[in-house]
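Right, one structure below, let's go through it.
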Amino acid sequence: MRPTRLPLIAGNWKMNTTVADARALASALASNLNGVPDVEVLLCPPFISLTTVGNEIAGTSLKLGAQNLHPEPKGAFTGEVSPTMLSSLCDYVVIGHSERRTHFGEDDAFVNSKVHAALAHDIIPILCVGETLAQREFNTTGEVLTRQTTLGFKDLSPDADFVVAYEPIWAIGTGKAASASDAEQAISLIRQTISQQLGDNAAEKTRILYGGSVKSSNITDFISSPQIDGALVGGASLDPNDFSGIVTATSQFRPG
Ligand code: PEP
């Protein structure tokens with residue numbers, strides 16, 4: 001039996017696109033993807049393009065997300081962007097991406113404070129979790145995923161609306177996607193962890209995405225699993241044809 005969770009395909013544009021590039025990409029995606037059934041489509045451009053992309057997709061079915069936020073509502077945090085600033089613009093925010101954990105030293109406690117801040121401002125957090133290649137080779141993937149999920153969702157209400165993205169770090173931007181069975185196993189463990197922490201209902205309703213070198217040519221491998229509720233897409237989200245192919249393949253596959 002297929003779950004009733006609506007698949008989500010999210011594009012993380014990372015630190016790419018000028019404002020003009022972002023407008024053109026959003027415009028192409030809005031015309032390709034507005035109204036595509038049975039899948040939710042989310043664009044996460046850089047902060048400076050949120051308003052432009054938001055205007056470009058206004059009135060369409062596409063959703064807007066940020067790639068990060070600071071947990072404080074305002075104050076002396078030069079260069080940061082707060083949930084108060086984002087709440088009128090964004091539906092979602094990516095939190096704890098491995099690039100932020102690695103390059104900006106974000107630990108699980110800080111990530112957890114961002115999850116709470118997003119929820120307090122009606123922004124749906126997408127918590128990213130995933131193991132390094134070394135952790136995978138030392139067979140500690142399960143431990144890492146359990147820790148990042150448990151600490152990332154510490155003190156959360158079971159009723160909260162949130163998404164998880166399982167992103168093995170060794171698969172991000174490398175062209176070497178995880179196998180669908182490895183992704184399914186990891187995602188089942190994350191769902192079990194949510195069930196133990198927040199209850200069966202929370203685990204059943206939560207969408208858990210796979211991320212790591214997803215393209216239109218391999219999305220069906222992942223979306224075929226009833227455990228995998230969509231994808232967080234980096235590189236391929238910058239190509240309107242490839243990203244549209246990922247979305248339409250997902251739309252055609254689900255519900256099955
Ligand atoms: C990502 O950055 O979240 C990601 C999954 O990147 P890519 O699709 O390029 O591997």
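As the structure lists them, so they are numbered: ligands from 1, and atoms in each ligand from 1. This structure is a prediction, so every number in the text was calculated from the model and none was measured. We count residues from 1, following the sequence as given.
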Would Trp170 and Glu131 count as having a side-chain donor-acceptor pair, cut-off 3.5 Å?
-> yes
Step by step, would you call Leu89 with Thr51 a side chain to side chain contact (heavy atoms under 4.5 Å, CB included)?
-> CA-CA 7 Å; Leu89 290 172; Thr51 304; 4.0 Å; yes
Is Lys215 positioned over the aromatic face of Phe243, cation under 6.0 angstrom from the ring centre and no more than 45 degrees off axis?
-> no
Does Phe77 have any ring-ring contact (aromatic ring centres under 6.0 Å, His included) partners at least two apart in sequence or in another chain, and if so, which?
-> His70
Option from Arg147, Gln148, Lys154 for which side-chain hydrogen bond (donor to acceptor under 3.5 Å, both in side chains) with Asp108 holds | Arg147
Counting N and O atoms only, with roles assigned by atom type, does the side chain of Glu40 sit under 3.5 Å from a partner on the main chain of Lys63, one being a donor and the other an acceptor?
-> no
Give the protein residues with at least one non-hydrogen atom closer than 4.0 Å to an atom of ligand 1, ordered by chain and number.
-> Asn12, Lys14, His97, Glu167, Ala171, Ile172, Gly173, Gly211, Gly212, Ser213, Leu232, Val233, Gly234, Gly235
